[in-house]
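Taking it in order: structure first as structure tokens, then the write-up.
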There are 2 protein chains.
Amino acid sequence: MARPRQILLTREKIVEAASALVDAEGLDALSTRRLATELGVQGPSLYNYFATKADIIDAVADAVIEQVDVSAFGRFPWAEALRRWAQSYRAVLSEHPNVVPVLAQGPGRRPASLAMAEAVYGALVDGGWSYAQATHIGALMRYLVTGSSLGSFALGFDVDPSLYEVYPHLRHAPRLAEHHEAVDEGAFELGLDLLITGLTARHEMGTR
Amino acid sequence: MARPRQILLTREKIVEAASALVDAEGLDALSTRRLATELGVQGPSLYNYFATKADIIDAVADAVIEQVDVSAFGRFPWAEALRRWAQSYRAVLSEHPNVVPVLAQGPGRRPASLAMAEAVYGALVDGGWSYAQATHIGALMRYLVTGSSLGSFALGFDVDPSLYEVYPHLRHAPRLAEHHEAVDEGAFELGLDLLITGLTARHEMGTR
DNA sequence: GCGATAAAACTTACACCGCTAGTTTAACGG
DNA sequence: CCGTTAAACTAGCGGTGTAAGTTTTATCGC
């Protein structure tokens, strides 16, 4: 086969298949050959649509960010909007935990990331924060959301029971996988509450 | 050569060389062959000391955590100790940004991580927090420290200037690399302040 | 309608990867 | 002194990302 009558690939199809593969089997399962097979194609054909594998992963990550709901920034005061945005942000990331490591690292140069940043900074500046402060607040939210979505706590805290003798407090650490997810969620809720409460207080005090 | 008169490798030497390599050239530069070359040895020889490459990386990560100063937990009230610990934690991670992705993901099953967790949970519980709350607070601190140490903001926010027309607020985002580091540091300081202030208030209110 | 051009798949191949297996040789314990 | 253990080796497997060149089809200007 060469130059089939019906085109087999599009960027969209590739991103879709890559997302499904990463969601189902993790980032490590995403190889160009494997992805191509999934699409009924040979490995190098992907390079007609993406320059590198990293570009494919970037596109997958951007597709995730696209799902985050930023509409609250138009409809609510900055604090409430921030809360709703963060909650949507985390909800989306939690549905694609295998993509979170990518989002936690690369700076978002892609369209969806830029659009999200624009919405956040815009709303905060409109709300009376300086650009510098808006940047800090946005970064903080990213730490909180990505950190609690990495699922690193959920990856298990299975410890050799003999260690409880030398580390007595760890005996009380949550052990079941379900509990670990609850830890990440609880920490996120606590952090979100503390941050927004604190920011609101500072905002009112005019210590800005 | 086979079974040299003088032993060439130890676990310590391997971890040391691996750390140096990762610090200098990043995680991707760490291959078993490359690391072995650096040690004047052939690739597979490493497997006499570590079962897998992942184990080597784990050891590198643990060596980083080992440097975090947890001594404040014995010497200060929980809030002040938490602040000092977080600052040391971040200072150490910032010196080894290429290792942070590893620390952000895997749960710390290794000795130094366990010891650190034990110190944190112990101090918080002694300070009057429940185990559940201590877990949340510890997780929160981890999000803050790892997030702000990833250097993802510092990786550059170089944006096509034409995009400033469609994303006007981004024009004001910091652009120089030095500024990006300052963003991460500023966000960390702000977050730490907000979290500890908020936690102290809750602690005093007895809403625990 | 036809020839040139561009495009979308292909095959082949390179350099590198983590890791296994089996081999050599030096050091150590009885 | 001899057998065992251990620390290096070499060879090689199956996999990776991707570059290069090939084939075939569709598209467009004349």
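As the structure is a computational prediction, the values presented were derived from the model and not from experiment. We use all heavy atoms of the structure for the numbers below, so side chains are in, but hydrogens, waters and symmetry mates are not. Throughout, a chain's letter reflects where its sequence line sits, starting with A, and its residues are numbered from 1.
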Checklist entry - Of all the choices, C/dT11, D/dT25, D/dA11, which nucleotide is nearest to the side chain of A/Arg3 once you look at every atom? => result D/dT25
Checklist entry - Atom CG of B/Leu39 to atom C1' of D/dA8: distance rounded to whole Å? => result 13 Å
Checklist entry - Between atom CG in B/Asn48 and atom P in C/dT23, what is the gap in whole Å? => result 16 Å
Checklist entry - Nearest-Å distance, CG (B/Leu35) to P (C/dC19)? => result 12 Å
Checklist entry - What do you reckon, is CD of B/Glu16 surrounded by more than 12 foreign heavy atoms closer than 6.0 Å? => result no
Checklist entry - Is the base of C/dG18 touched by the side chain of B/Arg33 through a donor-acceptor pair closer than 3.5 angstrom? => result yes
Checklist entry - B/Phe50 has an atom CZ; how far is it from atom C1' of C/dT20, in whole Å? => result 19 Å
Checklist entry - Given that B/Val41 and A/Gln6 both sit by DNA chain D, which one's nearest nucleotide is further toward the 5' end? => result B/Val41
Next on the checklist: Assess the residue pair B/Asp23 and B/Val99 against the criterion (side-chain contact (heavy atoms from CB on, under 4.5 Å)); give the C-alpha distance rounded to whole Å, side-chain angles, the decisive distance to 0.1 Å, and a yes or no.
Outcome noted: CA-CA 8 Å; B/Asp23 281 344; B/Val99 183; 4.2 Å; yes
Checklist entry - Is the backbone N or O of A/Phe188 less than 3.5 Å from a side-chain atom of A/Arg90, with the two atoms forming a donor-acceptor pair by type? => result no
Checklist entry - Mapping B/Arg5 and B/Asp28 onto DNA chain C by nearest heavy atom, which one lands closer to the 5' end? => result B/Asp28
Checklist entry - Taking only side-chain nitrogens and oxygens of B/Ser45, does any of them come within less than 4.0 Å of OP1 or OP2 of D/dA7? => result no
Checklist entry - Considering only D/dA7, D/dG17, D/dA20, which nucleotide approaches the side chain of B/Tyr49 most closely? => result D/dA7
Checklist entry - Can you check the B/Arg34 CZ to C/dC19 C1' distance for me, whole Å? => result 20 Å
Checklist entry - Whole-Å distance between D/dA7 P and B/Lys13 NZ? => result 12 Å
Next on the checklist: In this structure, how many angstroms lie between the P atom of D/dT25 and the CG atom of A/Leu9, rounded?
Outcome noted: 17 Å
Checklist entry - Can you tell me if the side-chain N/O atoms of B/Tyr47 get under 4.0 Å from OP1 or OP2 in C/dA21? => result no
Item to check | Spacing of A/Ile7 atom CD1 relative to C/dC10 atom C1', expressed in whole Å | outcome: 15 Å
